[in-house]
Structure formats: C-alpha cells, structure tokens
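When reading the values below, keep in mind they use all heavy atoms of this one structure, side chains included, and skip hydrogens, waters and symmetry mates.
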Amino acid sequence: MSLAWIILGAVGLWALIRLGRQSDRTSRVQWRVTTTVFAAICWGAAALLAVRGSWLVAACLAAAGGWLAVASRQRDPMFRPTQDEISVAEARRVLGVSQAANDQEIQAAYRRLMARAHPDAGGSQGLAERLNAARDRLLKR
C-alpha cells in the first residue's frame with residue numbers, strides 16, 4: 001500500500017513540474033504558491049516517514065521538497081528585460097514621454113501606466129517588467 005502512495009506522489013510531482021514549466025507568465029504566482037504548498041507536504045511526509053523508520057524515502061521527499069521550494073523562488077532571467085537591454089528611445093516609447101521629459105514627468109507616466117499594467121490590477125507581469133525596465137533606464141537607476 002505504501003508503494004502505491006509513493007508512486008502516486010511521484011506522478012503528482014511530475015505533473016506539477018510539467019504543468020509549471022509549460023505555464024505562461026501570468027500564472028507564475030500560482031506556480032509559486034502551489035510549489036510552496038507541495039514542498040511543505042513533501043517535508044511533512046518526509047518527517048512522518050522518518051519517524052516510522054523509512055529513512056531513504058524520507059530523505060528523497062525532503063530533497064524533493066527543498067528543490068521545489070528553491071526552484072519556485074528563482075526568477076526566470078530570460079523574460080526579464082534589464083535597463084541595459086532596452087534602448088533610451090524604446091524606453092521613451094514604452095512610457096510615452098518626449099525627449100525633453102524630466103524625472104517627474106517620467107515618474108508620473110510610469111505610475112499612470114503601471115496602475116493599469118500591474119498584474120494585481122489585471123495587467124501582465126511581462127508588461128509590468130517592461131515598464132520597470134523603461135523607467136529604470138530613463139532614470140538611470
């Protein structure tokens with residue numbers, strides 16, 4: 001019976017990893033929450049199995065939980081534009097400011113656009129990161 005639970009847990013872990021890797025950027029928050037919960041479940045099961053004397057399986061579950069906890073907290077640099085990757089002209093176009101815009105105008109345009117583009121307000125994480133990169137490039141942060 002315990003072998004069936006281990007196999008079922010391994011299949012669930014595999015499905016979670018496959019679904020998380022194939023998801024789009026807007027569901028990254030759900031991926032982090034789910035993997036954190038799954039890591040806690042792995043650690044709980046590892047503690048229970050360690051108490052019962054199954055050290056090898058407990059060590060594997062603890063390692064899987066640790067990997068999930070670390071992997072879910074790492075940011076994907078491939079989708080993150082930095083201020084070095086975006087040109088000044090592109091940053092001005094993204095924020096919709098002129099070449100003569102001062103720091104206050106740039107910050108005001110950033111706040112106005114971020115109010116609509118923030119993921120918590122129904123926007124996308126990619127657009128919010130692009131706005132952040134544009135602001136940082138123009139304000140040279």
Run the side chain to side chain donor-acceptor pair (under 3.5 Å) test against R112 and tell me which residues pass, sequence neighbours left out. none
Are L113 and V88 linked, directly or through intermediate hydrophobic residues, by side-chain heavy-atom contacts shorter than 4.5 Å (ILVMFWY only)? yes
Taking all non-hydrogen atoms of both residues, which atom of G65 and which atom of C42 are closest, and how far apart? CA-CB, 3.8 Å
What pairs with A45 under side-chain contact (heavy atoms from CB on, under 4.5 Å), at least two apart in sequence or on another chain? L61
Rounding to 0.5 Å, atoms CD1 (I106) and CZ (R111) come to a distance of 12.5 Å
Are M114 and N132 side-chain neighbours, meaning at least one heavy-atom pair lies under 4.5 Å? yes
Can you list everything that forms a side-chain contact (heavy atoms from CB on, under 4.5 Å) with A91? Sequence neighbours excluded, please. I86, A134, R137, L138
Donor-acceptor pair, distance only, cut-off 3.5 Å: does the side chain of S54 make one with the backbone of V57? no
For E105, enumerate each residue passing the side chain to side chain donor-acceptor pair (under 3.5 Å) test, keeping only those at least two apart in sequence or located in another chain. none
For the CG atom of D136 and the OH atom of Y110, what is their distance to the nearest 0.5 Å? 7.5 Å
Are any of the side-chain heavy atoms of L139 and Q107 separated by less than 4.5 Å? yes
Is there a path of hydrophobic side-chain contacts, each under 4.5 Å between heavy atoms of I, L, V, M, F, W or Y residues, that connects F38 with W43? no
Tell me whether R92 contacts the main-chain N or O of S98 through its side chain, where contact means a donor paired with an acceptor under 3.5 Å. yes
Nearest heavy-atom contact between A58 and A50 is CB-N, 3.8 Å
List for me each residue that meets salt bridge (Lys or Arg N to Asp or Glu O under 4.0 Å) alongside R93, sequence neighbours excluded, and say none if there are none. E90
Separation between CG (L95) and CZ (R130), nearest 0.5 Å, reads 10.5 Å
